[in-house]
Amino acid sequence: MISFERFTLNNGLKVIVHEDASTPLACINILYDVGARDEHPNQTGFAHLFEHLMFGGSVNIPNYDTPLQEVGGENNAFTNNDITNYYLTLPAENLETGFWLESDRMLSLAFSEKSLEVQRNVVIEEFKQRYLNQPYGDEWLLIRPLAYQVHPYQWATIGKEISHISDAQMQDVRAFFNRFYNPSNAILVVAGNIKTEQVKQLAEKWFKPIPSGTKQPRNLPTEPVQLAPRHLSVEREVPSDAIHKVYHMVGRNHNDYYSQDLLSDILGRGTSSRLYQSLVKGSEMFSEINAFVTGNYDPGLFVVSGRIKEGYNCEQADEAIQQEISKIIEQGIPESELSKVKNKSESSHVFGEMGVLNKAMNLAFAELMGDAALVNSEIDKILAVTSESIHLAAKTILRQENCSTLYYKKKP
């Protein structure tokens with residue numbers, strides 16, 4: 001159980017406090033309710049670009065990292081299709097330094113041509129190194145637009161193409177910042193060896209003066225139901241063939257989410273999973289194979305992916321995967337198998353909440369989902385999953401007409 005207090009400033013900033021006297025540290029986590037799904041289709045990669053720009057200095061603090069490092073702190077950030085999340089940890093006695101840094105860049109980010117050019121080049125280089133010039137790097141650049149026809153999940157966080165970043169103009173960058181990086185669109189979580197009253201005072205001092213901004217309405221297109229299987233086959237300079245099969249599933253807040261998530265564990269989480277036992281350890285058709293869910297806020301993807309051993313082709317691998325899926329659809333799963341994956345999931349959840357930073361992140365995300373208290377009911381939802389609901393999940397989503405398949409072949 002994660003205890004917490006919360007309050008909201010007059011400018012709309014939601015603040016959550018978790019007191020933990022067992023650590024000498026404090027952490028500040030700021031979640032901005034903006035991700036790649038909020039970008040214009042012709043200007044993608046902006047949320048990720050801002051992950052970099054936010055470390056480029058503010059009007060009053062030209063170098064973000066130096067003051068934090070001088071008081072023993074460290075920081076990082078990540079962006080995905082749904083959110084942008086910034087976090088720092090530091091000795092609890094230096095908490096105010098974190099408030100100073102985070103509030104200043106929310107209020108007064110430095111929009112210099114030099115900073116934009118530097119970070120633009122960093123992102124372009126990342127695009128090339130991680131997605132274009134690395135073996136298997138463009139897999140998800142191919143999978144997303146295959147699976148999604150209208151929803152903005154059709155592009156990756158890095159963006160659709162390099163030109164969207166290279167052509168970004170200062171006025172476009174400023175407009176994106178003004179729309180999303182403000183108190184009304186943020187959740188601030190402070191956790192560690194701190195007191196709620198202390199956090200209230202610091203929040204009032206450093207964040208209250210920031211104008212609230214406007215909470216942006218989100219009217220994203222709904223992805224139509226997929227009615228026929230989709231296929232794409234490409235050839236690349238890679239060591240071996242790979243296959244990806246993705247199925248549309250529910251979003252993170254849906255009642256069926258945990259059944260579908262546990263179904264992915266049964267199929268492909270770890271060495272005891274069905275796909276590993278049958279296709280890696282058994283037939284030795286695959287060198288590795290996994291199943292997982294993307295866990296998106298809006299309806300996401302149930303993914304089965306693997307690397308195929310020499311001597312087998314994508315068509316054979318596809319058929320082998322389908323055979324394992326068919327077994328679950330036809331026979332369901334025994335209670336003993338469900339209990340095993342429940343125990344693993346529960347252990348991972350408990351272990352993931354041991355660190356104060358993870359607690360802060362989980363509270364922020366739960367608040368975005370509707371209520372920070374949801375962080376304390378997740379295990380109950382996992383344990384409430386039944387073998388019947390797993391069977392229904394398999395029959396509902398693991399249908400061939402709901403599947404998009406990528407054959408990623410080694411060039412001959």
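As the structure is a prediction and not an experimental result, all values here were calculated from the model. Positions are given from 1 along the sequence.
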Check this for me: does any side-chain nitrogen of one of [X] and [Y] sit under 4.0 Å from a carboxylate oxygen of the other?
{"X": "Asp33", "Y": "Arg218", "answer": "yes"}
{"X": "Lys114", "Y": "Glu117", "answer": "no"}
{"X": "Arg274", "Y": "Glu337", "answer": "yes"}
{"X": "Arg130", "Y": "Glu139", "answer": "no"}
{"X": "Asp371", "Y": "Arg6", "answer": "yes"}

Counting distance only, does the side-chain N/O of [X] pair as donor-acceptor with the main-chain N or O of [Y] below 3.5 Å?
{"X": "Gln149", "Y": "Leu146", "answer": "yes"}
{"X": "His151", "Y": "Thr222", "answer": "no"}
{"X": "Arg179", "Y": "Gln216", "answer": "no"}
{"X": "Gln260", "Y": "Val250", "answer": "yes"}
{"X": "His48", "Y": "Ala36", "answer": "no"}
{"X": "Arg236", "Y": "Tyr408", "answer": "no"}

So, taking the atom named [atom1] in [X] and the one named [atom2] in [Y], what distance separates them when rounded to the nearest 0.5 Å?
{"X": "Asp167", "Y": "Ile162", "atom1": "CG", "atom2": "CD1", "value": "11.0 Å"}
{"X": "Asn29", "Y": "Asn75", "atom1": "CG", "atom2": "CG", "value": "12.0 Å"}
{"X": "Glu19", "Y": "Gln198", "atom1": "CD", "atom2": "CD", "value": "9.0 Å"}
{"X": "Leu116", "Y": "Phe111", "atom1": "CG", "atom2": "CZ", "value": "9.5 Å"}
{"X": "Lys359", "Y": "Met361", "atom1": "NZ", "atom2": "CE", "value": "14.0 Å"}
{"X": "Met106", "Y": "Asn11", "atom1": "CE", "atom2": "CG", "value": "8.0 Å"}

Do you see a donor-acceptor pair shorter than 3.5 Å between the side chains of [X] and [Y]?
{"X": "Asn94", "Y": "Thr97", "answer": "no"}
{"X": "His164", "Y": "Gln43", "answer": "no"}
{"X": "Tyr312", "Y": "Glu284", "answer": "no"}
{"X": "Ser278", "Y": "Glu324", "answer": "yes"}
{"X": "Tyr258", "Y": "Glu378", "answer": "yes"}
{"X": "His18", "Y": "Glu5", "answer": "no"}
{"X": "Asp318", "Y": "Tyr407", "answer": "yes"}
{"X": "Ser58", "Y": "Asp104", "answer": "yes"}
{"X": "Asn185", "Y": "Lys215", "answer": "yes"}
{"X": "Glu39", "Y": "Trp155", "answer": "yes"}
{"X": "Ser22", "Y": "Asp20", "answer": "yes"}
{"X": "Asn81", "Y": "Asn296", "answer": "no"}
{"X": "Lys344", "Y": "Ser272", "answer": "yes"}

Quiz prompt | Trace of the side chain to side chain contact (heavy atoms under 4.5 Å, CB included) decision for Val280 with Met285 | solution = CA-CA 6 Å; Val280 177; Met285 183 179 294; over 6 Å; no
Quiz prompt | Residue pair Glu51, Tyr86: steps toward the side chain to side chain contact (heavy atoms under 4.5 Å, CB included) verdict | solution = CA-CA 8 Å; Glu51 178 192 322; Tyr86 298 86; 4.3 Å; yes
Can you see whether [Y] has [X] sitting over its ring - NZ or CZ less than 6.0 Å from the centre and within 45° of the normal?
{"X": "Lys200", "Y": "Phe7", "answer": "yes"}
{"X": "Arg307", "Y": "Tyr136", "answer": "yes"}
{"X": "Arg269", "Y": "Phe292", "answer": "no"}

Answer yes or no: is there a side-chain heavy-atom contact under 4.5 Å between [X] and [Y]?
{"X": "Ser404", "Y": "Gln226", "answer": "yes"}
{"X": "Tyr153", "Y": "Tyr297", "answer": "yes"}
{"X": "Val150", "Y": "Pro224", "answer": "yes"}

Quiz item: Where do Lys245 and Thr405 land on the side chain to side chain donor-acceptor pair (under 3.5 Å) test, with the steps shown first?
Solution: CA-CA 4 Å; Lys245 298 181 72 66; Thr405 303; 2.9 Å; yes
Quiz item: How are the rings of Phe78 and Tyr87 set relative to one another: parallel (under 30°), tilted (30 to 60°) or perpendicular (over 60°)?
Solution: tilted
Quiz item: What orientation do Tyr181 and Tyr32 show, parallel under 30°, tilted 30 to 60°, or perpendicular over 60°?
Solution: tilted
Quiz item: Please walk me through it: do Asp241 and Lys309 pass salt bridge (charged side-chain N to carboxylate O under 4.0 Å, His left out)?
Solution: CA-CA 7 Å; Asp241 292 354; Lys309 280 192 172 182; over 6 Å; no
